[in-house]
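Whatever order the structure lists them in is the order used to number ligands and atoms, beginning at 1. On a predicted model such as this, the values are computed, not experimentally measured, just so you know.
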Amino acid sequence: MEVVVLDSADAVAEYGAQRIIGLVKQNSAAVLGLATGRTPVALYKCLIRAYQQGDISFQDVITFNLDEYVGIGDDEPLSFSAFMRRELFNAIDINVENTHIPKCPEGENPFQVGEEYERSIELAGGIDLQLLGIGTNGHIGFNEPTSSLASRTRVKTLAGSTIHDNSLNTNKAGVSAELAVTMGIGTILDTRRVLLLATGDGKARAISAAVEGPVSSMCPASALQLHPKVTVVVDQAAASQLQLVDYYQHVHQQQAAVQTRFGQRAVDQPLY
Ligand code: F6R
């Protein structure tokens, strides 16, 4: 696992955005896995800026979001569909038909959504890069503690702490749904590269358990230790409970030096 510790939340967003911009420049039809929540908002702003400056185009990019609440309509402001339009899609040149969210509005059978979503990911050739945030309880997507590490896209019951955190995000207590359709941990582990961002001291415990703790369904993000290409980008606050920060910084410097000497191949054959 590559761990990049940066000075500020802005630096985390910029670093994450550059990884995505680099990928899209390399492959204009890249398949991106996207996340909602507070953390990726600043990164999305960087992507919008890069698009406005003519640096990249999203015309051929395909996206799959991690999750969506069950029973919520596309146009409801609290839906993740509305979030994505507001925070990213409406401001870039992405083709709406290339964007996917595991929607399950009222009246649809949530148990079919998961299988269909898995099929669409497969049809798109799999996800090149999955962007993740992390819950204070260590969840990725809405895979709450004790989720199967082999799980696929399915309906999940949200943990009480997640419902609480989500209501803080929206400033409206009690408005979030209690069920969601989420990519599974197995789905996330099948992606070709993972980029997990975390900022703020509220995430310090979860980051420490994910990166340095045992692989356990009690911290779903710890399953990422089984993935060969994961980059965790954190600010100082989120890194504050990590024991090996000096080592991660040393690796990061080595990686940069090797990349300067050997170019892109060094990124594909990382030193972490
Ligand atoms: C969002 C998602 C969640 C969030 C996590 C962190 O699509 O799947 O796992 O990434 O809850 O949320 P924030 O960024 O709001 O702290």
Side-chain angles (χ1 to χ4, degrees), residues 9-10 12-13 16-17 32-45 63-70 72 78-89 99-104 113-114 117 121 127 129-147 151-172 175-189 191 194-207 209-210 217 219-224 230-235 237-238:
D10 283 348
V12 168
L32 301 179
L34 298 180
T36 57
R38 181 185 50 86
T39 313
V41 171
L43 179 150
Y44 292 154
K45 284 193 170 52
T63 65
F64 286 90
N65 264 76
L66 280 165
D67 38 28
E68 178 58 286
Y69 295 125
V70 169
I72 196 159
L78 292 178
S79 71
F80 290 164
S81 306
F83 173 99
M84 289 309 300
R85 286 195 298 272
R86 207 167 48 234
E87 302 297 340
L88 183 65
F89 295 158
T99 67
H100 304 83
I101 294 182
K103 296 175 199 169
C104 184
V113 176
Y117 206 61
I121 294 174
I127 293 173
L129 181 145
Q130 178 64 54
L131 176 65
L132 295 176
I134 184 169
T136 51
N137 64 359
H139 73 208
I140 45 175
F142 279 135
N143 296 285
E144 303 288 22
T146 73
S147 285
S151 50
R152 312 301 307 188
T153 308
R154 71 211 181 290
V155 180
K156 273 298 289 183
T157 304
L158 300 185
S161 62
T162 299
I163 294 172
H164 172 75
D165 290 349
N166 290 350
S167 68
L168 291 182
N169 279 351
T170 57
N171 287 323
K172 289 183 189 153
V175 286
S176 11
E178 305 208 342
L179 295 176
V181 176
T182 179
M183 278 187 204
I185 297 175
T187 320
I188 293 169
L189 291 179
T191 65
V194 174
L195 182 63
L196 185 150
L197 308 190
T199 56
D201 53 12
K203 298 294 172 69
R205 198 170 60 95
I207 284 294
S217 65
C219 176
S222 67
L224 297 174
V230 175
T231 301
V232 174
V233 192
V234 284
D235 64 0

Checking contacts here: is it the side chain or the backbone of [X] that comes within 4.0 Å of ligand 1, counting heavy atoms only? Could be both or neither.
X      : answer
Leu66  : side chain
Ile134 : backbone
Thr36  : both

Can you list the atoms of ligand 1 that are under 4.0 Å from a heavy atom of [X]?
X      : result
Lys203 : 6 (C), 13 (P), 16 (O)
Arg38  : 13 (P), 14 (O), 15 (O), 16 (O)
Gly141 : 2 (C), 3 (C), 8 (O), 9 (O)

- Task: Decide yes or no on side chain to side chain contact (heavy atoms under 4.5 Å, CB included) for Thr36 and Glu68, but give the supporting numbers first.
- Result: CA-CA 9 Å; Thr36 57; Glu68 178 58 286; over 6 Å; no

- Ignoring hydrogens and geometry, is there a side-chain-to-backbone donor-acceptor pair from Asp67 to Pro102 under 3.5 Å? no

- Message: How long is the straight-line distance from CG of Leu66 back to CG of Leu132, given to the nearest 0.5 Å?
- Response: 5.5 Å

- Arg205: partners by salt bridge (charged side-chain N to carboxylate O under 4.0 Å, His left out), with sequence neighbours left out: none

- Tyr117 meets the ring-ring contact (aromatic ring centres under 6.0 Å, His included) criterion, sequence neighbours left out, with Phe64

- Message: Any heavy-atom pair between the side chains of Ile140 and Val194 that's under 4.5 Å?
- Response: no

- Query: Any N or O on Asn166 sitting closer than 3.5 Å to an N or O of ligand 1?
  - Reply: no

